[in-house]
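Here is the naming used below: chain letters follow the sequence lines, and residue numbers restart at 1 for every chain. The basis for the numbers below is simple: all heavy atoms, side chains too, and nothing from hydrogens, waters or symmetry mates.
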Amino acid sequence: MIALVDCNNFYASCEQLFRPALQGRPVVVLSNNDGCVVARSAEAKALGIGMAAPWHTLKALARRHGVVALSSNYALYGDLSARIMRVLAGFSPCQEVYSIDECFLELEDGRRQAAATARQLRAEVRRLVGLPVSVGLGTTKTLAKLANNCAKKCPEFAGVCSFGELSSATVEALLAATPAGGVWGVGERLARQLAALGIHSALELQRADPDRLRQRFSVTLARTVRELNGEVCLGPLAAAVSRRQLLSSRSFGELIDDPEPLAEAVVAYATRAAEKLRRQALLAGAVGVFLRTNPFRADLPQYQPSLILPLSPTDDTRLLCQTALVGLRRIYRPGYAYQKAGVLLTELTPTARRQGELFADPAAQARSQALMTAVDRLNAHMGRGTVRLLAEGADPRRMMRAAHRSPRYTTRLDEVPVVRSD
DNA sequence: TCTGGGGTCCTAGGACCC
DNA sequence: TCTGGGGTCCTAGGACCC
């Protein structure tokens, strides 16, 4: 049996955990730059606030209903996620962490036993971390995801829905009540095209002919249909398959057209990306850099250039930054108001499998490694950016808006909440 | 005024090879 | 008038996910 465990309204629940006064109130968490809504408490959903809705279109509604809007606090969410994943790992030897707030678990036991385990792990996460999760159980990942949706939507399941425990008539009714677009792998576009073929519900999709959909759409949709019928198509649960690419990008606080702050931004993002790279013990064999103007500004000329440059596989911040800057110089054109820049590392290989090179200088490589290790240690102990390239700059125009960030309760000593006993 | 960031996979089409 | 067939690799773009 495959279980999909998913935190309810994850970011919003994290905020409520440390500010109990927010419980029962409409709470939304905003994306970087305070741009879009990325998480909503149940009360905020009930107000009709949509996922990814631009915050600036909601301000009037929010004022009327006393919606609390918070900037995202990834230090907090990342730490609580790690705690939950550790608790869940104790319930199965086979865990696939799928995103910050959900993971698949293989529960080997029979159907009844699996459902009992699911109820137990749900209670344990609640007890040890304090956050609510929902569990869906099915024979394929797609069915487990679907069961998880049902667990969230129908209160009578009390957070755990196991298709194996239900009668086939009940499962059919649940599938009939789920729109096709609610199935994992069917997005907005596909849902529209399926509706034109008379396929509106998950049940109708389950009964569709996969070969016909394969011809008309893609192999991905055919797999989804087979998975809905209990045929495993989506690879076994795997512990963190190795990354193919690694991206660091940000929108700016305001539009920028000068080359200097753009270069500083690219150095900053390449530095972040290099840190992630070393943390995962990987080398990059190519550096991509891209720029973007604001696509919502129809009144401004648009330009979205990108370029990928190869280099000898490395995890040295200096080399990655230099290469990214070479790319930036080649794609930059004056006269555009840029809204976003990013650095993409690809051609990733494990550091342990570094290829020897004919003209490599082993002494330089050893120095590079020692330097990067020292920089990472200093920054880990004394705070990010304690040691950094001067070229990173700190132009305030680049910095994101984050007007309502909560404290990093669990990862910064000076922000740990203090309970007074008086 | 204000519209996220980080990923994966698939497909079509072009370049290139023999 | 007539301009091959078969294969691989790469890239861009689209769709999807959270």
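With dG7(B), dC2(B), dC17(C) as the candidates, the nucleotide lying closest to the side chain of K145(A) is dC17(C).
The distance between atom CZ of R189(A) and atom P of dC16(C), rounded to the nearest whole Å, is 7 Å. In this structure, OH of Y338(A) is placed 18 Å from P of dT3(B), rounded to the nearest angstrom. One atom, CG of D34(A), and another, C1' of dT1(B), lie 14 Å apart when rounded to the nearest Å. When rounded to the nearest whole Å, the span between CZ of F217(A) and C1' of dC9(B) equals 17 Å.
In this structure, the side chains of V135(A) and L4(A) stay at 4.5 Å or more apart for every pair of heavy atoms.
One finds a side-chain N or O of K340(A) lying less than 4.0 angstrom from the OP1 or OP2 phosphate oxygen of dG5(B). Distances shorter than 4.0 Å separate none of the side-chain N or O atoms of S218(A) from OP1 or OP2 on dC9(B). The phosphate of dC2(B) (OP1 or OP2) has no side-chain N or O of T57(A) nearer than 4.0 angstrom. Close to dC10(B), at under 4.0 Å from its OP1 or OP2, lies a side-chain N or O of R223(A). The shortest distance between the side-chain N/O atoms of R244(A) and the OP1/OP2 oxygens of dT8(B) is not below 4.0 Å. Here K276(A) reaches the OP1 or OP2 of dG6(B): one of its side-chain N or O atoms lies under 4.0 Å away. Residue R401(A) has no polar side-chain atom (N or O) positioned under 4.0 Å from OP1 or OP2 of dG4(B).
Taking the charged nitrogens against the carboxylate oxygens, R388(A) and E275(A) have no contact shorter than 4.0 Å, which rules out a salt bridge.
Nearest-nucleotide assignment on DNA chain B puts the 5′-proximal partner with R292(A), out of R292(A) and V219(A).
A 6.0 Å sphere centred on CE of M51(A) holds more than 12 heavy atoms belonging to other residues, nucleotides or ligands.
Spacing of C1' atoms, dG4(C) relative to dC16(B), comes out at 16 Å, to the nearest Å.
Within 4.0 Å (heavy atoms only), E102(A) reaches sugar-phosphate atoms of the nucleic acid but no base atom. Residue W184(A) is classed as a sugar-phosphate contact, given heavy-atom separations below 4.0 Å to backbone atoms only.
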